[in-house]
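Following: one structure in structure tokens, then a few remarks.
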Amino acid sequence: MMLRALLLMVLSVIGLQAEAASVDSKNPYEMIQAVADKTFNRFHADKAKIDADPNHLKVIVREELMPYIDFKYASYKVLGQYLKETSEAERDRFVTAFEGYLVATYAQAFTEYTNQTVEYAPAANFSDEKIVDVNVRIIEAGRPPIKLLFKARRLKDDSWKAFDLVAEGVSLLQSKQSEITTLIRQKGIDNVITMLNEKAAASVAKEAKAAAK
């Protein structure tokens, strides 16, 4: 339930604007806003395809969102202590499985999207930074604002990618690390990879909101 709540907050951020935006991956603050715009615009443009086949949401996530997510870095962080205890082949398989899992999870969360207002904190000087925090607030009538923090890291080519979301002090990456490392300890890396692949292959359900109630 924590993961679902965090992902719904992500989707609230994605609904900020209606105009298409180019993505400047050299600026982490502008990148996150532009990727949000592009993803949301694609969501609306492909509504007929989504209505006909909700699995089309996976296509949108892969094409619009994932190029700006450092899923390999996130995968390694999630592996925690098992990063050094697994073989290179196991790590590669885990990264592929975790990427697919993220795509499926974000796609499913899209089925619960509703419009909210989003406020971005002013950009800070990031010229000497390797990791930056992009702060936003989600505003919804009748509810307290939700505080979010997107973490992005500078890559070797001086571009930036997001790798974590912190919602009201709760890190999505850390919560998944706790879950994944426990499963690896109990069932082994191969079983965890199989589980992630199964979740990635699962069809996107239309009635996610109803099922959550």
Side-chain angles (χ1 to χ4, degrees), residues 3 5-43 60-81 83-84 88 91-92 94-96 98-99 101-103 105-106 109-110 116-140 144-178 180:
L3 176 61
L6 290 171
L7 290 174
L8 289 176
M9 293 174 192
V10 174
L11 298 178
S12 299
V13 174
I14 290 174
L16 178 62
Q17 297 181 19
E19 297 181 357
S22 60
V23 177
D24 178 11
S25 61
K26 301 294 185 179
N27 184 317
Y29 299 93
E30 293 182 5
M31 178 196 72
I32 287 178
Q33 293 188 52
V35 169
D37 295 344
K38 283 170 62 67
T39 306
F40 187 68
N41 292 336
R42 178 73 180 277
F43 176 77
I60 297 176
V61 171
R62 279 199 178 277
E63 294 180 356
E64 306 294 350
L65 187 61
M66 294 307 290
Y68 306 97
I69 303 295
D70 195 346
F71 58 84
K72 182 176 182 179
Y73 181 79
S75 298
Y76 280 8
K77 295 287 284 185
V78 165
L79 277 172
Q81 69 188 75
L83 179 61
K84 295 182 178 180
E88 182 178 355
R91 290 193 293 273
D92 288 346
F94 181 86
V95 169
T96 300
F98 192 71
E99 179 194 12
Y101 166 77
L102 287 178
V103 169
T105 304
Y106 277 98
F110 259 116
Q116 287 91 6
T117 301
V118 180
E119 295 178 352
Y120 285 88
N125 185 347
F126 60 90
S127 58
D128 296 324
E129 302 296 334
K130 293 183 179 179
I131 293 179
V132 301
D133 297 338
V134 181
N135 289 282
V136 304
R137 294 198 315 160
I138 299 174
I139 310 299
E140 185 172 359
I146 298 174
K147 296 180 181 180
L148 298 181
L149 183 154
F150 289 90
K151 300 187 78 68
R153 63 187 292 262
R154 188 194 299 269
L155 306 184
K156 291 181 179 179
D157 63 358
D158 211 36
S159 65
W160 291 79
K161 285 191 175 183
F163 68 91
D164 192 16
L165 166 69
V166 181
E168 298 292 349
V170 179
S171 164
L172 176 62
L173 202 59
Q174 289 180 2
S175 65
K176 293 311 297 180
Q177 180 188 48
S178 176
I180 293 294

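Distance CZ/Phe150 to CD/Gln33: 10.5 Å, rounded to 0.5 Å. To the nearest 0.5 Å, the span separating CG on Asn27 from OG on Ser159 amounts to 12.0 Å. Remark: Ile69 CD1 to Leu165 CG distance equals 9.5 Å, nearest 0.5 Å. Distance NZ/Lys77 to CG/Leu79: 11.5 Å, rounded to 0.5 Å. Within the model, atoms OH of Tyr29 and CG of Asp24 stand 13.5 Å from one another, a figure rounded to the nearest 0.5 Å. Here CG of Asp164 is found 11.5 Å from CG of Asp70. Values are rounded to the nearest 0.5 Å.
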Margin query: Assess the residue pair Val61 and Met66 against the criterion (side chain to side chain contact (heavy atoms under 4.5 Å, CB included)); give the C-alpha distance rounded to whole Å, side-chain angles, the decisive distance to 0.1 Å, and a yes or no.
Written below: CA-CA 6 Å; Val61 171; Met66 294 307 290; 3.9 Å; yes
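Residues Arg91 and Leu83 have side chains in contact (heavy-atom distance under 4.5 Å, counting atoms from C-beta outward). Side-chain atoms of Trp160 and Ile32, non-hydrogen and from C-beta on, never get closer than 4.5 Å to each other.
Residues passing the ring pair (Phe, Tyr, Trp, His ring centres under 6.0 Å) test with Tyr73, sequence neighbours excluded: Phe163.
Minimum interatomic distance between Ser75 and Phe94 (heavy atoms only, all atoms of both residues): O-CE2, 3.5 Å. Taking all atoms of both residues into account, the shortest heavy-atom contact from Val35 to Glu64 is CG1-O, 3.8 Å. Of all the heavy atoms in Pro67 and Arg62, the pair that sits closest is CD-O, 3.2 Å. The two residues Lys26 and Asp157 make their nearest non-hydrogen contact at NZ-O, 2.6 Å.
Looking at Ser178, its side chain never comes within 3.5 Å of a backbone N or O of Ser175 through a donor-acceptor pair. Between the side chain of Thr96 and the main chain of Asp92, a donor-acceptor pair closer than 3.5 Å is present.
A 6.0 Å sphere centred on CD of Glu88 holds no more than 12 heavy atoms belonging to other residues, nucleotides or ligands.
A donor-acceptor pair shorter than 3.5 Å can be found between the side chains of Tyr101 and Lys176.
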Name each donor-acceptor pair under 3.5 Å that joins a side chain in residues 122-130 to protein atoms two or more places apart or in another chain, with its distance.
from: Asn125; atom 1: OD1; to: Ser127; atom 2: N; distance (Å): 3.0
from: Asn125; atom 1: OD1; to: Ser127; atom 2: OG; distance (Å): 2.9

